[in-house]
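Quick notes on the structure that follows.
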Amino acid sequence: MLSIADLHVHYGGIHALKGVSLEVPANKIITLIGTNGAGKSTTLRAVCGLVRPSAGAINFQGQDITRASTTGIVQMGITMVPEGRRVFPDLTVLENLYMGAHTRNDPGVKRDMDWVFSLFPRLKERKAQLAGTLSGGEQQMLAVGRALMANPTLLMMDEPSLGLAPMLVQEIFNIIKQIHSEGKTVLLIEQNARAALQLADYGYVLETGRIVLSGTGKELLARDEVRKAYLGEE
Amino acid sequence: MDLALFFQHLANGISLGSLYALIAIGYTMVYGILRLINFAHGDLLMMSAYIVFYGMLVFALPWWLSVVLAVLLTAALGMGIERAAYRPLRDSPRISVLISAIGVSFFLQNLGIVVFGGRAKAVYRPAWLAATIDIGGVSITTLALLIPGVTLILLLMLSHLVYRTKTGMAMRAVSRDYDTARLMGIDVDRIISFTFVTGSALAAVGGIMWALRYPQIHPMIGVMPGLKCFVAAVFGGIGNIPGAVLGGFLLGIGEIMLVAFIPNLAGYRDAFAFVILILTLLFRPTGLLGEKMAEKV
Ligand SMILES: Nc1ncnc2c1ncn2[C@@H]1O[C@H](COP(=O)(O)OP(=O)(O)O)[C@@H](O)[C@H]1O
Ligand SMILES: [Mg+2]
């Protein structure tokens, strides 16, 4: 469904991605793990058209989207839950959700709103509240709900569990499972490598701009390199 | 000082204040979305006043058509300025954009001198606007009633646009965070253009009413109101629309009251705004309604 081939991204003089290739097949959960600064966020930002690759190609459902506008990419069915939530603090919860559906004008908006509220009943209770007044966990849920309002086929999430209490982390992973079971394809970035690999069908390990390992979640969990570097085992 | 006289001055202050408010909104909207003080904003009201003047006197168009044309052309000019002078500098240091804005302002003033001539022109003011109405011992000109009336209608329309429409929601999102707004599928450039169109159209109406209130136009008439409305926007909390309205009204009323009650200071009338600016920057840099300076991410 999504296919990234030999992607390079530069930030001025910094060569952040040095030939990343990866595949996200339809209806799978794919995870991308790696230490801070490895280039995980940059990969997702390139897919969304927020940064321009200096070389390489990104294909989505058979179409080249390497140079497409972010608006076009969103309309084609890719959305992202950005790192650090980035909800609009002075918009209400409801307005944030409608922002997610900005490009849409179909009767499905109402249905998706109901679905988001059933996934996150807390958001329904707080729909008239300004998003800036929500707790960190609630803001993360809002960021996920907002992305779902675009009715994406591919949902990309950039460290959704970052900074959340362990109980909420578990809840977020359950939600990802639910979203996936509703037919969405998921590309997940996680610091929490163990949980991500347990959940994912397939995983990639990114180190300083390069994919150094890949395999099914099970395979990667069994690899010594992964256990040492990402699972904190000796 | 009797009460009737006080209300007389108050009415006058409200009328001036509504002009300040209309013009201050443009500063605050552009600042909200680009973090730029658009120094060319004041000159838009000069352009608008001239368009009406030429429309009526040279092309003999009916007044309403001249007004419509002035609003449309000024809005287009505001949008064009953003395209030509600000957008290419979007990723440059903010000071470059600011200098570009000052450049555009000088350009418009000098263009005005070349095209319209430097000498002041008298504005034709229909007699009914100068007619006075007596309300409980307070006599008010039709114009002094018309200005706040028009302002009120425009403010209601603006508030509907910003707080009740999809485009308004997108404007608020873009003013917070470009990248996340893009992730929603918002065309950020289009929203920025639209913000300039809105602010410029309000300035155009403000310029026309300004020319009716002070019926003489010359290429520099935008300068002082421009600066004062910038102060009004900072005073109210730059980036905050209700703040700009509040700042505009308080500045207008304050200025009129100062002149009325301390006639000795009448000569310092224009300085009043700048004293307010300095006091604001010293004691409440975020302005009356401004939140703590939101970090632009
Ligand atoms: N806006 C930016 N400007 C310059 N360098 C950046 C920018 N964003 C990221 N980088 C650099 O690119 C590299 C990859 O960053 P990022 O994709 O955010 O990593 P990750 O998400 O894996 O932590 C890092 O070295 C980071 O410092
Ligand atoms: Mg990151």
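Quantities reported herein were computed from a predicted structural model and do not represent experimental measurements. To find a chain, count down the sequence lines: A is the first, B the second, and so on, and within it residues start at 1.
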> Is Asp90(A) salt-bridged to Arg172(B), cutoff N-O under 4.0 Å?
Replying inline: no
> Is chain B contacted by the side chain of Ala147(A), its backbone, both, or neither, given a heavy-atom distance below 4.5 Å?
Replying inline: neither
>> So, applying side chain to side chain contact (heavy atoms under 4.5 Å, CB included) with Met80(A), which one of Asp179(B), Thr180(B), Leu183(B) is it?
In response: Leu183(B)
> Taking atom CE of Met169(B) and atom CE of Met99(A), what is their separation to the nearest 0.5 Å?
Replying inline: 4.5 Å
> Out of curiosity, Tyr178(B) OH to Thr70(A) OG1, how far, rounded to the nearest 0.5 Å?
Replying inline: 14.5 Å
> When rounded to the nearest 0.5 angstrom, what distance separates CG in Asp187(B) from OG1 in Thr103(A)?
Replying inline: 12.0 Å
> Does CD in Gln129(A) sit with more than 12 non-hydrogen atoms of other residues, nucleotides or ligands closer than 6.0 Å?
Replying inline: yes
> Got more than 12 heavy atoms from elsewhere within 6.0 Å of CZ, Phe107(B)?
Replying inline: no
> So which of Cys48(A), Ala150(A), Pro89(A) has the biggest tally of heavy-atom pairs under 4.5 Å with chain B?
Replying inline: Pro89(A)
>> For the NZ atom on Lys124(A), are there more than 12 heavy atoms of other groups (residues, nucleotides or ligands in this structure) within a distance under 6.0 Å?
In response: no
> So with a 6.0 Å cut-off around CE of Met224(B), is the heavy-atom count from everything else above 12?
Replying inline: yes
>> Is any side-chain heavy atom of Met184(B) closer than 4.5 Å to one of Phe88(A)?
In response: yes
>> Taking atom OH as the centre, does Tyr11(A) end up with more than 12 heavy-atom neighbours from other residues, nucleotides or ligands that are less than 6.0 angstrom away?
In response: yes
> Shortest non-hydrogen contact from Arg182(B) to Val74(A)?
Replying inline: O-CG2, 4.2 Å
>> Quick check on Phe272(B): does its CZ atom have over 12 non-hydrogen neighbours (other residues, nucleotides or ligands) under 6.0 Å away?
In response: yes
> CG of Asn105(A): more than 12 outside heavy atoms within 6.0 angstrom?
Replying inline: no
> With only heavy atoms counted, which part of Gln75(A) is less than 4.5 Å from chain B, the side chain, the backbone, both or neither?
Replying inline: neither
>> With a sphere of 6.0 Å drawn around CZ of Arg190(B), does it hold more than 12 non-hydrogen atoms of other residues, nucleotides or ligands?
In response: no
> chain B heavy atoms under 4.5 Å from Arg146(A): which part of the residue, side chain, backbone, both or neither?
Replying inline: side chain
